[in-house]
Number of protein chains: 2
Amino acid sequence: MARGGNELRQAMERVAGDIDSALDLVLAVPDDPRRRLYEAMRHAAIGGGKRLRPLLVCAACALYAVDRAAALRVAVAIECMHVYSLVHDDLPAMDDDDLRRGKPTVHKAFDEATAILAGDALHALAFEVLADPATHADPFVRAELCLELARAAGPSGMAGGQMMDLAAEETVFDLATITRLQQLKTGALFGFCLEAGAIMGRIPPEGRTHLRGYARNIGLAFQIADDLIDVEGSAEAAGKAVGKDAAAGKATFVSHLGVDRARAQAQLLVDQAIEHLSQHGSEADLLRAIARYIIDRDR
Amino acid sequence: MARGGNELRQAMERVAGDIDSALDLVLAVPDDPRRRLYEAMRHAAIGGGKRLRPLLVCAACALYAVDRAAALRVAVAIECMHVYSLVHDDLPAMDDDDLRRGKPTVHKAFDEATAILAGDALHALAFEVLADPATHADPFVRAELCLELARAAGPSGMAGGQMMDLAAEETVFDLATITRLQQLKTGALFGFCLEAGAIMGRIPPEGRTHLRGYARNIGLAFQIADDLIDVEGSAEAAGKAVGKDAAAGKATFVSHLGVDRARAQAQLLVDQAIEHLSQHGSEADLLRAIARYIIDRDR
């Protein structure tokens, strides 16, 4: 791991522990017939994943010395949103995956109806956590967080990207369209993580351009790295099935650029992401380390 | 139709027209590969349904002379939330319905993956509409609306009720548990509609007790009426399949009480709902007319 790797690993472990503890409280299983819903939500959300989005929220908050408790609540919300998208994405009618984060997917461990509902419930829970006064005393901050998350998740964000991804199985998209697809499908939530730090840090929209640039760059680098894992990785290391895009005949960054140019492009994107942070000092070191890690996840 | 029926019919038609116009704008189809997603969302959301929840929002707003434009934005949000729940509820893994609001369900008219995504996108869109400054100038109002809607939709609201509804296919619930199930599954969104009027009318939580009582009563009356339609109605009049609960061996208000007592109970609930409005004058006439209409929908 590159310089800053130790600090990164520590930050990741700390965030992962905090997220698990917070989710354990938020998802306390009720003693009534909703039990199975909560169990499915816990199966999906607790104890797995790299918690990259929560880490990004915390790293963005570190830029502006945002209170860690507030950062963690937003981190829980974005993780709920991300996990819901995984649960629905894995459904038989979508990607039809059996394995996620090294465990059976929710519809395998439970059933399809429960997986649909667990995803829906995590989706709503993300907003319930964000909009709660416990997240931030200022209602303007809470309202802005809700608005940005809704935009990032909705038809002009993640859901729109996933629709494009479905269409990609029938049409061979050019590189520009794949870039747009990935900016919506993965990039929008990454963008929210950075934006959330700025919102809580009271940075006006015009002061967030560099954060949006950083998010866009690491989002694309992340996706290229994901494409490379899909081509070169093992299911064991990835915690999910690999080789699926090629099998589906889906155009990706790697199918367009080839492995070597894709890898070089990802490195360039990471360098550019770090460039965007030049106005910040050591308070941005965690974001810099995350950018490097993005294309180096299997090390 | 009872006294106030003409005013009610006019109010319903006006709200339905306004909701369709607003959704037509919000769901303008983009000229890119997300087109199919928007078309599916439009299929589900535009031009159908009684728009009962939007009407409730407008009627609750009328109590406190809330600006109609603000009321309509909240009405659009609650309808998006309701429609998303119908789209997912109709999926093969859930209720497996072919017909909704007299049209093919989304997974029939499009496909299952598109239906899952269209539901997800409508879910996020509800919050996007609510949290937008265009809904209300005061961020406190926007944040509170988001919080209430998230609670009403999430695991301790509608999603929790739907999980109980799935469990009802395997266990015969007693009347108390069915009541709780329906309060979550249908009642929570009804509750939001009334609460939203109070939030925008700047009524503090302790001044909303009567609205919660009204919502709870009409929610249960609505469900009993729905159970009666399922037993006695035609698919044509209902716009959806009927006789499903009995076929699934599911306990309902009607299976517990019988048709006559269920009908009497629904009437009692409507009377109680109207009682809750006694502190209001003619500004509550629309809410009173809605309460009567709830059990009289097929007239």
Side-chain angles (χ1 to χ4, degrees), chain A residues 27 30 32-34 36-38 41 84-85 88 91-94 107 111-117 119-121 123-133 138-144 146-147 149-151 153-160 162-164 166-168 171 173 177 180-181 184, chain B residues 27 30 32-34 36-38 41 84-85 88 91-94 107 111-117 119-121 123-133 138-144 146-147 149-151 153-160 162-164 166-168 171 173 177 180-181 184:
Chain A
L27 294 173
D32 67 31
R34 294 173 302 143
R36 189 176 168 83
L37 177 66
Y38 280 79
M41 294 167 80
Y84 121 68
S85 79
H88 282 189
L91 285 167
M94 305 278 289
H107 65 275
D111 58 80
E112 226 179 299
T114 302
I116 294 168
L117 284 180
D120 289 342
H123 189 169
L125 184 61
F127 291 102
E128 194 176 336
V129 169
L130 272 194
D132 195 295
D138 184 347
F140 180 77
V141 168
R142 302 200 300 273
E144 219 186 333
C146 287
L147 180 59
L149 185 61
R151 283 182 178 157
S156 48
M158 182 171 66
Q162 283 176 311
M163 189 73 227
M164 290 179 75
L166 286 180
T171 324
F173 286 150
T177 309
R180 165 107 175 112
L181 184 169
L184 296 181
Chain B
L27 294 174
D32 67 31
R34 294 173 302 144
R36 188 175 168 83
L37 177 65
Y38 280 80
M41 293 166 81
Y84 120 68
S85 79
H88 281 189
L91 286 168
M94 305 279 290
H107 66 273
D111 58 81
E112 227 180 298
T114 302
I116 294 168
L117 284 180
D120 289 343
H123 189 170
L125 185 61
F127 290 102
E128 193 175 338
V129 169
L130 272 195
D132 195 296
D138 185 346
F140 181 78
V141 167
R142 303 200 299 273
E144 218 184 336
C146 287
L147 180 59
L149 185 62
R151 283 181 177 157
S156 49
M158 181 172 65
Q162 283 175 312
M163 189 74 227
M164 290 179 74
L166 285 181
T171 324
F173 286 150
T177 309
R180 166 106 174 113
L181 184 169
L184 296 180

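Proteins get letters first, then strands, A, B, ... in listed order; numbering begins at 1 in each.
Inter-residue side-chain proximity for B/Leu147 and A/Pro133 is flagged as met; some heavy-atom pair is nearer than 4.5 Å. Using a 4.5 Å cut-off on side-chain heavy atoms (C-beta onward), B/Thr177 and A/Pro33 make contact.
Looking at A/Leu166, only its side chain comes within 4.5 Å of chain B, counting heavy atoms on both sides. A/Ser156 touches chain B through backbone and side chain together, each having a heavy atom under 4.5 Å away. Only the side chain of A/Leu184 comes within contact range of chain B, judged by heavy atoms closer than 4.5 Å. At a 4.5 Å heavy-atom cutoff, the contact between A/Leu91 and chain B is made by side-chain atoms alone. Looking at A/Met158, neither its backbone nor its side chain comes within 4.5 Å of chain B, counting heavy atoms on both sides.
Under the ring pair (Phe, Tyr, Trp, His ring centres under 6.0 Å) criterion, B/His107 pairs with no residue at all, not counting sequence neighbours. Listed by chain and number, the residues in a salt bridge (charged side-chain N to carboxylate O under 4.0 Å, His left out) with B/Arg36 are B/Asp111 (sequence neighbours excluded).
When each of B/His123, B/Gln162, B/Arg142, B/Arg34 is checked for heavy-atom pairs under 4.5 Å with chain A, B/His123 comes out on top. The candidate with the highest count of non-hydrogen atom pairs below 4.5 Å against chain A, out of B/Gly160, B/Ala153, B/Gly154, B/Pro30, is B/Gly160.
Between A/His88 and B/His88, the ring-plane angle classifies as perpendicular under the 30° and 60° cut-offs.
The shortest non-hydrogen separation linking B/Ala121 to A/Pro155 is O-CD, 3.7 Å. Contact detail for B/Ala93 and A/Ile116: the closest heavy-atom pair is CB-CD1, 4.1 Å. Contact record, A/Ala143 with B/Ala131: O-CB, 3.8 Å, taken as the closest heavy-atom pair. Residues B/Phe140 and A/Pro139 approach most closely at CA-CB, 3.5 Å, considering heavy atoms.
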- Message: Between B/Asp32 and A/Met163, is the side-chain contact (heavy atoms from CB on, under 4.5 Å) condition met? List the steps.
- Response: CA-CA 11 Å; B/Asp32 67 31; A/Met163 189 73 227; over 6 Å; no

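Between the CZ atom of B/Arg151 and the CG atom of A/Leu125 there is a distance of 11.5 Å, given to the nearest 0.5 Å.
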